*Asks:* 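My questions will all concern the structure given below.
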2 protein chains.
Amino acid sequence: MVVVRAGLSPERLTLAGADLADEAGFDQVTLSALARRFDVKPASLYAHVKSSHELKTRLALFALEELADRVADAVAGRAGKDALTAFANAYRDYARAHPGRYEAARYRLDPQTAAASAGVRHAQMTRAILRGYDLAEPDQTHAVRMLGSVFHGYASLEAAGAFDHTDVAAQQSWAWTLDCLDTALRSRSAP
Amino acid sequence: MVVVRAGLSPERLTLAGADLADEAGFDQVTLSALARRFDVKPASLYAHVKSSHELKTRLALFALEELADRVADAVAGRAGKDALTAFANAYRDYARAHPGRYEAARYRLDPQTAAASAGVRHAQMTRAILRGYDLAEPDQTHAVRMLGSVFHGYASLEAAGAFDHTDVAAQQSWAWTLDCLDTALRSRSAP
DNA sequence: GCATTTACCTACACCCTATAGGCAAACGCC
DNA sequence: GGCGTTTGCCTATAGGGTGTAGGTAAATGC
C-alpha cells in the first residue's frame with residue numbers, strides 16, 4: 001500500500017486556509033474542511049496547529065502582512081494625494097480580490113499578538129501618508145483613525161453588498177470619497 | 001409534577017438572543033445557549049424558529065430596527081452639523097452600548113430581506129441629514145456611502161480595540177472626525 | 001540495521017444543529 | 001364537566017466540527 005504523506009506544515013495549512021477563506025468565506029475555514037482539502041483526517045492537523053483558534057490567528061497575521069506589503073509597494077515613491085489614493089486603492093483592491101483574507105485580517109487578536117503583528121505597519125504607513133498634510137499631534141492620530149475608519153468601513157460595506165441597491169458605481173463613490181478626504185485633510189494642515 | 005411552560009415565542013427568543021449577544025458576543029448566540037437560558041432542550045426551540053440562521057436574521061432585523069429608531073429620535077428637529085452629530089453619536093453610542101446587537105445588525109441578509117428591513121430607513125435618514133448640505137446627485141449617493149463607511153468603520157474598529165494602543169481618547173478623534181466631515185460636506189455643497 | 005522520531009491514523013468524547021416522533025397540559029366546544 | 005384537538009416541550013437520533021489519547025508505519029540518524 002503506497003501511502004504518500006500529505007506534507008503538512010503550519011505554513012501550508014495557513015496558505016490553504018487563506019485560499020479556502022477566499023473561496024468559501026472566513027467562517028468556513030475549519031480544521032475539518034482543511035483536512036478534506038489535504039485528503040487527511042482532521043485529527044492529523046493538530047500536530048501542526050494547536051487549535052482552530054491558532055489557525056485563524058495565523059491566517060489573520062498572514063493577511064495583515066500580505067496587505068501591509070501591498071500597501072507599502074503601492075505608496076513607495078508617492079506623496080500627498082497621490083500617496084493617499086495609492087494606499088486607499090491597495091487596501092480596497094485587496095479586500096475585493098481576497099474577501100476571505102480580508103475578513104481574516106479583522107479576526108480579533110489578543111493585545112500582544114496584535115502588537116507584534118503587521119497591524120503596526122499599517123498604522124505607521126498611514127502616519128507616513130499624513131506627512132504630506134502637515135498635521136500636528138493629536139490631529140495626526142485623529143486623522144489616522146478617520147482614514148482607517150473610512151477605508152475599513154467602505155471595504156466592509158461594499159463586501160456586504162450595501163452598495164448594490166443604488167445604481168451608482170461604487171468606484172465613483174470611492175473616488176469622490178478620496179477627493180473629499182484629501183481636501184478635508186488639507187484644510188486641517190498646520191500653517 | 002408541576003411542569004411550568006417556558007413561554008417561548010419568536011419574539012422572546014429574539015430578545016433573549018439580543019441580550020446574549022451583548023453579553024457574550026454575536027457568535028455565541030446559538031440555539032443551545034438560548035435553550036439553556038430558558039431551561040429548555042434545544043430541540044424545543046425549533047417550534048418557534050426554523051433554524052439558527054432564521055434566529056440570526058431575526059436578530060439582525062431587530063437590531064437594525066432598534067438602531068434606526070434611536071437615530072430617528074436623535075435627529076428629530078435638528079439640521080446641518082447638529083443633525084450630523086446627533087446621527088453619528090446615536091450610531092456610535094448604540095454600537096458601544098450594544099456590541100452584540102450591533103454585530104447582529106451586520107449579519108448578511110439576502111437581498112429581499114434586506115430590502116424589507118430597517119436598513120432602508122438608515123439610508124433615508126442619512127439622505128435626510130444631507131439635505132442640510134445641498135448636494136446634487138450623484139454626490140448625495142457618494143456622501144451617503146462615505147458617511148456610512150465612516151460611522152460603521154469607526155464603530156467597528158473601536159469595538160475591535162484598534163484605538164486602544166494609542167493614548168488619545170477615542171471620543172476626541174470622533175469629534176474631530178465629525179468636524180472634518182462637516183467641513184468636507186459643506187465644501188461640496190452646490191452653490 | 002536497529003532505535004528513534006515523524007506523520008498520520010483510529011477511536012472516542014463533547015458540543016451545536018436539525019429532524020422525527022411522543023406525551024401531557026391547555027384550549028375549544030358542546 | 002367531558003372529549004377531541006392543538007400546543008408546547010420532551011426523548012431519541014444523526015451529522016458535523018473540535019479536541020485528546022494512543023497506535024502504527026515510514027523516514028531519519030547513528
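Treat the numbers as computed from the prediction; the structure is a model and nothing was measured.
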*Asks:* Given the side-chain rings of Y94(B) and H98(B), with only the six-membered ring counted for Trp, is the space between their centroids under 6.0 Å?
*Replies:*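 Ring centres of H98(B) and Y94(B) closer than 6.0 Å.
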*Asks:* For residues F38(B) and R12(B), report the shortest heavy-atom separation together with the two atoms involved.
*Replies:*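 Closest heavy-atom pair between F38(B) and R12(B): CE2-NH2, 3.5 Å.
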*Asks:* Let me know which of W174(A), W176(A), F163(A) forms a side-chain contact (heavy atoms from CB on, under 4.5 Å) with R145(B).
*Replies:* F163(A)
*Asks:* Given Y102(A), which partner from the list Y107(A), Y91(A), F151(A), Y154(A) fulfils the ring-ring contact (aromatic ring centres under 6.0 Å, His included) test?
*Replies:*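 Of the listed options, the one satisfying the test is Y91(A).
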*Asks:* In whole angstrom, what separates Y46(A)'s OH from dC12(C)'s C1'?
*Replies:* 14 Å
*Asks:* What is the separation between atom CG on L13(A) and atom C1' on dC8(C), rounded to the nearest whole Å?
*Replies:* 13 Å
*Asks:* CG of L45(B) versus C1' of dT7(D): gap in Å, rounded?
*Replies:* 15 Å
*Asks:* Atom pairs, N/O to N/O, protein against nucleotides 10-14 of chain D, distance under 3.5 Å?
*Replies:*
| from | atom 1 | to | atom 2 | distance (Å) |
| --- | --- | --- | --- | --- |
| dC10(D) | OP2 | K41(B) | N | 2.8 |
| dC10(D) | OP2 | S44(B) | OG | 2.5 |

*Asks:* Distance check: side-chain N/O of R36(B) vs OP1/OP2 of dC16(C), anything under 4.0 Å?
*Replies:*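 For dC16(C), OP1 or OP2 has a side-chain N or O of R36(B) closer than 4.0 Å.
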*Asks:* Ignoring hydrogens and geometry, is there a side-chain-to-backbone donor-acceptor pair from S117(A) to G119(A) under 3.5 Å?
*Replies:*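 Side chain of S117(A) to backbone of G119(A), a donor-acceptor pair under 3.5 Å: yes, one is there.
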*Asks:* Are T183(B) and R188(A) linked by a side-chain donor-acceptor pair shorter than 3.5 Å?
*Replies:* yes
*Asks:* I need the NZ-P distance between K56(A) and dG19(D), as an integer number of Å.
*Replies:*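 Spelled out: NZ on K56(A) to P on dG19(D) is 9 Å.
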*Asks:* Tell me whether the side-chain N/O atoms of H48(A) come closer than 4.0 Å to OP1 or OP2 in dT6(C).
*Replies:* no
*Asks:* Of the non-hydrogen atoms in A33(A) and L20(A), which two are nearest, and what is the gap between them?
*Replies:* CB-CD2, 3.8 Å
*Asks:* Take F87(B) and H122(B) through the ring pair (Phe, Tyr, Trp, His ring centres under 6.0 Å) test and state the conclusion after the steps.
*Replies:* CA-CA 10 Å; F87(B) 187 120; H122(B) 289 242; 7.6 Å; no
*Asks:* Whole-Å distance between dT17(C) P and L34(B) CG?
*Replies:* 10 Å
*Asks:* Which listed nucleotide (dC16(C), dT17(C), dG19(D)) is nearest to the side chain of S51(A)?
*Replies:*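 Looking only at heavy atoms from C-beta outward on S51(A), the closest nucleotide is dG19(D).
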*Asks:* Under 4.0 Å, heavy atom to any atom of DNA chain C: which of residues 19-32 of chain B qualify?
*Replies:*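 Residues of residues 19-32 of chain B under 4.0 Å from DNA chain C: T30(B), L31(B), S32(B).
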*Asks:* Between P on dC9(D) and CZ on R37(B), what's the gap in Å once rounded to a whole number?
*Replies:*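 Taking atom P of dC9(D) as the reference, CZ of R37(B) is at 17 Å.
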*Asks:* Could you work out the complete set of other residues in the hydrophobic cluster of V120(B), with links drawn between I, L, V, M, F, W and Y side chains under 4.5 Å apart?
*Replies:*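 ILVMFWY cluster around V120(B) holds nothing else.
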